[in-house]
2 protein chains.
Amino acid sequence: MAWLNYHHLMYFKTIAQTGSIAKASTKLLIGQPALSAQLKTLEDQLGCALFERRNRGLFLTDAGKITLKYANQIFNLGTELQTILKDQIFSASPTIKIGALDSIPKSLILNLVNFIRKKTKVKIRLLEGNVDELLREMASMQIDMIISNYSGMSDNKNIFSKSLGKTSVSVYGSKKFLFLKKNFPDSLNSQPMILPTSHSKLRHDIDHYLHLNNIHPQIVAETQDTSVQKSMGVEELGLLPLPDFSVRALVKNKHLHKIGMLKDVTEEYWLISQQREIDNPIISSIIDSYNFSAV
Amino acid sequence: MAWLNYHHLMYFKTIAQTGSIAKASTKLLIGQPALSAQLKTLEDQLGCALFERRNRGLFLTDAGKITLKYANQIFNLGTELQTILKDQIFSASPTIKIGALDSIPKSLILNLVNFIRKKTKVKIRLLEGNVDELLREMASMQIDMIISNYSGMSDNKNIFSKSLGKTSVSVYGSKKFLFLKKNFPDSLNSQPMILPTSHSKLRHDIDHYLHLNNIHPQIVAETQDTSVQKSMGVEELGLLPLPDFSVRALVKNKHLHKIGMLKDVTEEYWLISQQREIDNPIISSIIDSYNFSAV
DNA sequence: TAATATAATTCGATTAAATCGAATGATCAA
DNA sequence: TTGATCATTCGATTTAATCGAATTATATTA
């Protein structure tokens, strides 16, 4: 794929926001013809019209609207980068900042927070997000460590991954699904199921298991967030394949019941951090000593 | 701020990934001198060195590592845009996709899901993320609607915001904090508190309230995720300022107790969708009829 | 309805930015 | 020491972006 010209995209953004080439041209301090030409080459390169030319006005097409959203985020990132580099935020802060992948069980996060609170009275800040975001924020020192469920997030040499342990995965459900214990896992066929989204490794493992055993459940919903997933299970919307440890509390109160184990499907959790020149002793001590088996 | 040259950034990314200007130059089909020059102008413009020149090798500086992460995300977005436009994914799907801001109480999400399940048996997909991400995914049809706690997400004309209702906000805590009821809100002074991160409007409102009343709590932790926040409260880590309706269940089981109301602090929830030419009837009917007061 | 203002576009000329090629310096490995 | 590898410097050249003048089309209004 021929690569996108980001200067053209920048011009497009200004045109879209000001509403016309004329206004954009005064703002950008270049002439109308230049802008018009650049816009045209962008459209040619993308292979679709970004504006609908109605009479003497420009109106965003659907493709244009999509492009504008992307352009906004792209250029926001760019200016963010510039300010970060300008301000040189390279200082150790009195706050420990932890990033968590959306799909990490809250109980694990909570366990880590409790552990840190016992060790030190420093302020803790929790952020969630996807892989790209969290890695970016770790690079720019906005995050000290990441809790993740896979270790190969980055090919970067000076990123450390420490395993927090492995857990088995089972199918859980409310009382009314208990009869599926008999003849498990075949009994799962065409039963309602609530799955993590395909962003997660766990989802792929589950799909693989279902495929191997030739099981075809009815997928009711997909979600990134395990706590929403659990709530949906408690509300009897469907069955939940989940790491065993993450539902212990709910199993104890009988809100959920174990239906059967997914053989060979496991979930492993990792604590990821970046090796830095200026080492924060609090953080390294946490990384060294924390272990989630202690949950 | 003089604006970033994204072509230079692209070259930088290739150099960083291949490890040398020489390798990058063969990959990009341009000469070493050109690349070297472009890299230099980028460094000049950013005002800091991205590589450390040691002998004949290049090694990323801290600033370089940060820049690389940003560059990766920026160019990922760019290619994503191109594929979306190429494939013209402009079709209505058999799945309803809902985006939720991280800070939305899970009970509200769950309520909406239940409502949809009652209305139709279509598959539901839930995604979380920040404002930029969700708006982008809505523009590119990867999301049908967004649950948000503020309405002014975008200046786009054809985005519809529908209020789901307003709730008051109070401070909650475990049993051991009940004594703070007396002399509220002054009693909050130097008490441990768990707050939402400053990404959210609610946090700003809370800060404003505390400032007005000259209260200085001890901030134990900050989090984006309301369910983690609640868990921390139940574990007695500190006090929680939260929308009343979102903790009803926990108050009922006596896991949390209301300490006092934050006068004039409120939280409003919105259902946001995009007006499209090809209208999905299921989605519009949901948007029209759903109302969270029915929780 | 003709005159004026506004907006986008086209076209050849011009300018600025990027690239090349040849040469230089620096380092490593044999 | 010699050849190989890699980054850099410098003037020449090519390519891409921009300008200015002119053109077309369409609203606005006198």
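Since the structure is predicted, the reported quantities are computational estimates derived from the model, not experimental observations. Residue numbers start from 1 in every chain, and the chains themselves are labelled A, B, ... in the order their sequence lines are given, proteins ahead of strands.
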Report summary line: Applying salt bridge (charged side-chain N to carboxylate O under 4.0 Å, His left out) to B:E133 and not counting sequence neighbours gives none
Report task. Work out how much the helix from C:dT1-D:dA30 to C:dA30-D:dT1 bends between its end axes, five pairs an end, to the nearest 10 degrees. Result -> 20°
Between [Y] and [X], is the closest basic N to carboxylate O distance under 4.0 Å?
| X | Y | answer |
| --- | --- | --- |
| A:R203 | A:E222 | yes |
| B:R53 | B:E43 | yes |
| B:D44 | B:K40 | no |
| A:R136 | A:D132 | no |

Report task. Give me the residues of residues 22-34 of chain B where at least one heavy atom lies under 4.0 Å from an atom of DNA chain C, by number, or none. Result -> B:L29, B:I30, B:G31, B:P33, B:A34
Requested in this report: Residues of residues 5-19 of chain B with any non-hydrogen atom less than 4.0 angstrom from an atom of DNA chain C: list those, numerically ordered, please.
Outcome: B:N5, B:H8, B:Y11
Tell me yes or no: between the side chains of [X] and [Y], is some donor less than 3.5 Å from an acceptor?
| X | Y | answer |
| --- | --- | --- |
| B:N72 | B:Q17 | yes |
| A:K119 | A:S289 | yes |
| B:H199 | B:D102 | no |

Query - A:R53 side-chain N/O to C:dT9 phosphate OP1/OP2 under 4.0 Å - result: yes
Query raised in the report: OP1 or OP2 of C:dA7 less than 4.0 angstrom from a side-chain nitrogen or oxygen of A:S20, does that happen here?
Result: no
Query raised in the report: Which distance, rounded to the nearest 0.5 Å, do you find between the CD of A:Q142 and the CG of A:L134?
Result: 11.0 Å
**Report entry** Gap between atom CD of A:Q224 and atom CD1 of A:I104 - 0.5 Å precision
**Finding:** 12.0 Å
Requested in this report: Could you tell me from which nucleotide to which nucleotide of DNA chain D, 5' to 3', there is an atom under 4.0 Å from chain A heavy atoms?
Outcome: D:dA17 to D:dA27
Query raised in the report: Looking across every strand, which nucleic acid part, if any, lies under 4.0 Å from B:L35 by heavy atom: base, sugar-phosphate, or nothing?
Result: nothing
Whole angstrom value for the distance that separates [atom2] of [N] from [atom1] of [X]:
| X | N | atom1 | atom2 | answer |
| --- | --- | --- | --- | --- |
| B:W3 | C:dA17 | CH2 | P | 12 Å |
| A:I21 | C:dT10 | CD1 | P | 10 Å |
| A:K40 | C:dT9 | NZ | P | 9 Å |

Requested in this report: Give the C-alpha distance, both sets of side-chain angles, the deciding distance and a yes or no for side chain to side chain contact (heavy atoms under 4.5 Å, CB included) between A:L42 and A:L4.
Outcome: CA-CA 8 Å; A:L42 176 62; A:L4 195 58; 4.3 Å; yes
Requested in this report: Report yes if the distance between the aromatic ring centroids of A:F12 and A:F51 is under 6.0 Å, otherwise no.
Outcome: yes
**Report entry** Test ring-ring contact (aromatic ring centres under 6.0 Å, His included) applied to B:Y6 and A:F75, step by step
**Finding:** CA-CA 10 Å; B:Y6 286 77; A:F75 295 116; 5.1 Å; yes
Report task. Given side chain to side chain contact (heavy atoms under 4.5 Å, CB included), test A:W3 with B:M10 step by step and report yes or no. Result -> CA-CA 10 Å; A:W3 64 281; B:M10 164 86 217; 3.9 Å; yes
Query raised in the report: Step by step, would you call B:M138 with B:I159 a side chain to side chain contact (heavy atoms under 4.5 Å, CB included)?
Result: CA-CA 10 Å; B:M138 188 153 82; B:I159 277 191; 4.0 Å; yes
Report summary line: B/S/- along nucleotides 25-30 of chain C (protein heavy atoms under 4.0 Å) is --BS--
Query - B:E268 and B:S148: CA distance, side-chain angles, deciding distance, side chain to side chain contact (heavy atoms under 4.5 Å, CB included) verdict - result: CA-CA 9 Å; B:E268 186 163 13; B:S148 160; over 6 Å; no
